[in-house]
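Following: one structure in structure tokens, then a few remarks.
FYI, the numbering just counts along the sequence from 1.
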Amino acid sequence: MTYLEPTIEKRLQRILPGAMSYVKARGETKLLDLTVGWSAPKTQPSERLLINLKKIIKDHPLTNSIQPDQLIDDLTASFHSPVLAANHQGLDTHPEMVQGLLLFGLPTILGLRKIPIVILATGSAPLNNPTGPGAIMLGRRGCLGQRLMARMFSRSRDGLMAAFAPLITKDLVHNRLTRLKDLTEWTNSEKGLIKVFLEKWLLDPEFLSQNNFANQSAWLAQAFWARHFGRTSQVEQTDQYSQSRPSVPPICHLELEKLVNAILTQDLVDQSSVAYYAMFDPNARNALLVTLAGQRGTWCRELAGSCRFEPNQIKSGQFERCQLYPSRLSHCQINPAQMDTQPAVDLNQSRGTIFFWGVHEGRRFPLALAFKGSTPILKGTHLELPLTPTHILTALAENQIYPGLFLDYLVLASHGVLAHGGTLMTDYLPPILAQAGKILGCSLINEFRPLPVAGLLPIGARGSEGFSAAGALELFGADPWGHGLAQKLANLTINQVWPLTAREWYQEITPVGSRVANWRSGLDGAALELASSQVAWAA
């Protein structure tokens with residue numbers, strides 16, 4: 001593994017143990033081998049998931065070049081779970097996301113795998129989320145390594161979820177062009193990047209013709225591929241992928257919650273489903289809420305604070321087995337006193353929510369578990385919802401609630417698809433699925449660790465403020481790459497890209513006042529030294 005200053009390495013090891021152990025164990029692995037050679041557990045996607053996925057793909061206006069039947073065949077035949085879980089349904093301006101998508105697609109770009117790239121992005125992320133679904137983001141730059149974001153929407157839109165975001169219109173783009181002068185922290189070259197991005201991409205008639213923000217986002221992701229790897233031939237083909245490999249990997253850019261909602265309409269009337277058991281069996285639900293409280297991607301202790309343990313539900317600190325599910329909860333050792341000792345630490349600096357977010361005028365708010373008499377309810381600022389299948393299904397249909405991340409991943413995993421994506425997911429997703437599987441008496445993980453593709457940053461940008469990971473502005477502004485760049489990336493090892501990755505992640509997780517004195521020289525030097533073997537683009 002590439003040497004890191006001990007204090008920096010210790011910090012990264014504490015916050016990102018999964019990613020650090022992965023780098024240490026597989027540092028000499030080439031990026032192409034990382035994705036081609038990696039295999040998920042041989043899980044079989046459920047028929048329920050496949051039927052709903054096929055319907056969503058058929059209804060999506062931007063996936064008409066992908067035949068759902070062929071895609072489903074590939075999904076079931078592959079040992080890979082071709083799902084990159086993005087943090088938002090936005091403009092994909094976050095460097096980790098846009099570069100992660102590129103790395104994940106390498107085998108398809110190089111013709112080694114024909115499976116389309118399925119992106120499931122969360123529509124519940126607010127527009128002012130730090131990953132910038134409603135902003136144009138530049139990769140880190142400057143001595144503090146901060147990100148700069150140019151808002152697409154006014155502050156009045158803060159908190160609005162990406163799934164409910166308004167269209168980006170021609171007038172809005174022109175308004176942002178006229179206000180470039182107000183971006184006082186940006187250099188002239190950086191403002192030039194924004195100008196090109198707005199004029200070339202966001203004023204494209206095809207972009208403006210999309211009927212919602214999510215489709216605009218999906219169009220932009222596909223345009224990125226078309227720019228750098230040519231356009232797929234539209235010649236009629238005997239099979240979806242043609243006898244000669246298309247030059248653009250087919251992409252399904254879908255909203256995660258739409259797929260989960262479709263599956264839940266069936267799961268919540270099926271008492272044998274994992275989602276039904278997790279939400280409506282009181283023993284299982286309480287065990288989940290207490291055990292996972294404070295863990296990333298779930299909820300804080302206060303929201304789960306109304307969990308109630310009746311005396312007849314507990315014997316010697318262990319839950320009785322549920323009558324309907326005799327094989328479940330048999331090994332679940334939960335002490336109700338844990339509710340008072342479980343740390344209320346949320347690394348997302350968010351309270352999380354219980355199973356679903358409440359939705360009010362397009363903005364989300366957290367829901368807590370409470371009781372009215374003996375009836376469990378989900379209660380938030382604008383909603384009081386009995387926790388019953390009928391009430392939940394009605395609220396879903398009326399967009400009063402949206403699934404939270406834990407429920408998203410629980411549903412996907414219980415139906416045979418294990419999402420993977422960024423570096424942080426490598427650490428928080430396996431433990432919560434493992435613990436949930438133990439509580440619910442089903443295998444959700446099978447020793448699975450998400451592939452930390454979106455956390456690796458092989459593409460650097462050299463601008464007036466120094467060298468940093470390239471964000472979407474730099475990548476969209478770069479010359480078309482073709483397969484030469486893809487092959488170059490494929491031959492880099494994890495160790496070769498890790499210095500830049502480590503520097504970016506150290507800045508991400510360490511406040512300015514807590515960074516060691518030589519943090520920049522300890523990481524920046526190694527990243528610059530490798531610049532010639534990386535792909536640098538000069539701003």
Side-chain angles (χ1 to χ4, degrees), residues 11-22 85 87 122 124-125 129-131 256 260 274-275 277-279 283-307 309 319 329 331-357 364 366-369 378 402-414 418-450 452 454-455 505 508-509:
R11 168 73 171 164
L12 289 171
Q13 180 64 46
R14 184 169 71 85
I15 302 296
L16 303 171
M20 291 292 287
S21 62
Y22 199 96
N87 280 343
T122 61
S124 60
N129 184 285
T131 54
L256 174 59
V260 171
V274 170
Y277 181 53
M279 278 190 270
N283 293 353
R285 181 180 64 234
N286 290 351
L288 283 173
L289 296 184
V290 172
T291 304
L292 300 181
Q295 297 192 40
R296 188 183 184 93
T298 59
W299 42 78
C300 70
R301 182 179 60 184
E302 288 79 7
L303 294 177
S306 294
C307 289
F309 297 86
F319 287 99
L329 292 180
H331 303 291
C332 180
Q333 301 288 338
I334 301 294
N335 186 339
Q338 280 184 275
M339 287 179 57
D340 299 323
T341 59
Q342 190 77 16
V345 176
D346 188 336
L347 295 180
N348 273 326
Q349 296 182 342
S350 169
R351 294 174 58 83
T353 190
I354 302 298
F355 297 132
F356 299 93
W357 291 102
R364 73 183 193 183
L367 297 172
L369 181 69
L378 295 178
Y402 244 56
L405 272 186
F406 170 75
L407 186 58
D408 290 332
Y409 294 142
L410 179 69
V411 169
L412 288 181
S414 69
L418 295 163
H420 49 266
T423 295
L424 293 175
M425 187 183 286
T426 306
D427 289 308
Y428 78 78
L429 185 57
I432 64 174
L433 284 183
Q435 291 175 77
K438 184 178 180 181
I439 291 169
L440 300 173
C442 57
S443 177
L444 296 174
I445 195 160
N446 291 329
E447 304 302 323
F448 172 78
R449 294 197 68 81
W505 280 105
E508 178 82 23
I509 62 181

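- Under the 30°/60° scheme for interplanar angles, the aromatic rings of Phe406 and Phe355 are found to be tilted.
- From Leu256, atom CG reaches atom CG of Leu405 across 7.5 Å, with rounding to the nearest 0.5 Å.
- A 4.5 Å side-chain heavy-atom check between Pro403 and Val411 finds every atom pair outside the cut-off.
- With rounding to the nearest 0.5 angstrom, the CZ atom of Arg285 is 5.5 Å from the CG atom of Leu369.
- Residues passing the side chain to side chain contact (heavy atoms under 4.5 Å, CB included) test with Ser124, sequence neighbours excluded: Thr122, Met161, Glu257, Trp357, Arg364, Tyr402.
- Here the shortest heavy-atom pairing between Leu367 and Thr353 reads N-OG1, 2.8 Å.
- In this structure, CG on Leu12 lies 10.5 Å from CH2 on Trp505, to the nearest 0.5 angstrom.
- Expressed to the nearest 0.5 Å, how far OH of Tyr277 lies from CG of Leu440 amounts to 6.5 Å.
- At least one donor-acceptor pair closer than 3.5 Å links the side chain of Thr298 to the backbone N or O of Leu292.
- The aromatic rings of Tyr409 and Tyr428 sit tilted, their planes meeting at an angle between 30° and 60°.
- Taken to the nearest 0.5 Å, the CD1 atom of Ile439 stands 11.5 Å off from the CG atom of Asn283.
- How far CD1 of Ile354 is from CG of Leu378: 8.0 Å, rounded to the nearest 0.5 Å.
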